[in-house]
Amino acid sequence: MLSPLHKLHIRNPTSLVCSVKLSFYNLTTITPPAADDDASSLSFLILKLDPQALTHNLEFNSVYWTPDLVNKILKHLWNHGPKAIQFFNLLERHPTYTHSAASFDHAIDIAARLRNYKTVWALVARMRKRRVGPNPKTFAIITERYVSAGKPDKAVRVFLSMQEYGCQQDLNSFNTFLDVLCKSRRVEMAYNLFKVLKRRFRADTISYNIIANGFCLLKRTPRALEVLREMVESGLEPTLKTYNVILNGYFKAGQVKEGWQFFLEMKRRRRCEMDVVTYTTVVHGFGVAGEIQKARQVFDEMIGLGILPSVATYNAYIQVLCKKDNVENAILVFEEMLKKGYTPNATTYNVVIRGLCHVGKMDRAMEYLDKMKDDECDPNVQTYNVIIRYYCDEGEIDKSLKVFDRMGNGECLPNLDTYNVLISAMFGRKRSGDLMVAGKLLIEMVDRGFIPRKFTFNRILNGLLLTGNQDFAKEILTAQGRCGSDYC
DNA sequence: TTAGGGTTAG
């Protein structure tokens, strides 16, 4: 059955609205699960229309809304937070459809990323009122956002208050929160909390692995080993994952010799089986250290032992070949991967594209971008960012703007990095008009909920005042005013 | 989304 939304692939907003109305009115039966196309067409419509127009044009009662469709749309609108929240709120007034817990979680994540905590807590309250949450995942999201916004103390308070919101706390939520702190490099804080609460939550191997991995991320392998000693003393046995954490820790800290010794030790002790993650860690570790021969040897060894490489293994191997060997050799491995029947993912393409860009083969990088579409592997924001960045570095601003336009027309919205790279590039080239483009990009990014650095505002404002463009400078100042109260 | 391996470039 052809989706009723199939006609939405029209880039002209006016005709788009008409086709939506027509197709929605024709809709009488229950639609099949949301196709990606439906989600992107609806996202495109939501982006084009202001909320009022949306209420009038989008026939909410006629679309067969499902949590799956709503989640897909929220994902599409990830880099346009204000629109995503408007859409979510609009749909919340729907007469029959009610949001799922997962959709609430998405919306909460988006609001928290915009640092709009008032909305976050309002959503939590609504979630509770409708009896769909909040759940441990909701709190994982909220605490993670507080930590990454530089408010780890607030995150701890939120974690400790979970029960007041009717959300049960257990070892899982404890471990999740420890991991949130560790991943944001607040490892000491995580460790202190761990010491205080480990008895209450009956900390397990996973808790210790999380803390050890945190210290490894900080390249503090000795501290990680200390944590594991503590673990053994408390009567818990290390697992393969524990060993993989330490192995990775050595390589991350640049202790290649120690890593290799540890790997041999794991091999020697038969009781410790090794898996694809172990091998991927070592291939990547040697590669990053520039020891390509060793990386290749370990890669071959794993195949010889019958341990199947995963797509991640190939990605790691291809990446280090690009960086420390030769992009053509990396492409040979990419081709070999295809021959063996693997399906490359966006990361695979991204590392190859980056490799090509890095040696100035921009045309071939663009070919791979097209190839992604043919292979039904959607380019993501990182894909575009790499190409835009390298075009900018080469001074090919017009080409990078062309790629940027492709994003705007397609299914991938630019993120903070995209805007920062483009705006900086506008200052590298002393051409009249560039300042205006930079200013327009700046306003667009603010409208989409991104917060530019103060430096960026000042740079553009100074330029505009020097060229006597007072009116546009005022517009920029208004945009700056919309950046929130805790802006600095 | 209870833990371990793979994305930019600096």
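Protein chains get the first letters and strands the later ones, always in sequence-line order, with residue 1 at the start of each. Computed from a predicted model, the values in this text were never measured in an experiment.
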Taking only the side-chain nitrogens and oxygens of [X], find out if one of them lies under 4.0 Å from OP1 or OP2 of [N].
X: A:His284; N: B:dT7; answer: yes
X: A:Asn248; N: B:dG5; answer: yes
X: A:Lys323; N: B:dT8; answer: yes

In whole Å, I'd like the distance from the [atom1] atom of [X] to the [atom2] atom of [N].
X: A:Phe201; N: B:dT2; atom1: CZ; atom2: C1'; value: 13 Å
X: A:Tyr208; N: B:dT2; atom1: OH; atom2: P; value: 21 Å
X: A:Asn209; N: B:dT1; atom1: CG; atom2: P; value: 19 Å
X: A:Phe262; N: B:dG5; atom1: CZ; atom2: P; value: 14 Å
X: A:Tyr317; N: B:dG6; atom1: OH; atom2: C1'; value: 15 Å

* To do: Would you mind telling me which of A:Leu356, A:Ile318, A:Leu332 makes a side chain to side chain contact (heavy atoms under 4.5 Å, CB included) with A:Val327?
  => A:Leu356
* So which of A:Asn380, A:Asn79, A:Asn420 actually passes side chain to side chain contact (heavy atoms under 4.5 Å, CB included) with A:Asn415? -> A:Asn79
Just checking [X]: base, sugar-phosphate only, or nothing, at a heavy-atom cut-off of under 4.0 Å?
X: A:Ala316; answer: sugar-phosphate
X: A:Val276; answer: base
X: A:Asp170; answer: nothing
X: A:Thr242; answer: nothing
X: A:Thr176; answer: base
X: A:Thr313; answer: base
X: A:Gln382; answer: base
X: A:Asp105; answer: nothing

Looking only at the side chain of [X] (C-beta and beyond, no hydrogens), which of the listed nucleotides [options] gets closest?
X: A:Asn172; options: B:dG6, B:dT2, B:dT7; answer: B:dT2
X: A:Ala312; options: B:dG5, B:dT1, B:dA3; answer: B:dG5
X: A:Asp204; options: B:dT1, B:dT8, B:dT2; answer: B:dT2
X: A:Glu144; options: B:dT7, B:dT1, B:dT2; answer: B:dT1

* Asked: Charged N to carboxylate O under 4.0 angstrom, A:Glu188 versus A:Arg223?
  -> yes
* With a 3.5 Å cut-off and just heavy-atom distances, do the side chain of A:Thr278 and the base of B:dG5 make a donor-acceptor pair? -> no
* Asked: Taking atom types as they are modelled, is there a donor-acceptor pair under 3.5 Å from the base of B:dG5 to the side chain of A:Thr280?
  -> yes
* Can you list the steps and then say if A:Arg269 with A:Glu265 is a salt bridge (Lys or Arg N to Asp or Glu O under 4.0 Å)? -> CA-CA 6 Å; A:Arg269 280 199 248 167; A:Glu265 183 65 17; 3.5 Å; yes
* Asked: Can A:Glu226 and A:Arg220 be said to form a salt bridge (Lys or Arg N to Asp or Glu O under 4.0 Å), step by step?
  -> CA-CA 10 Å; A:Glu226 251 174 61; A:Arg220 295 174 64 181; over 6 Å; no
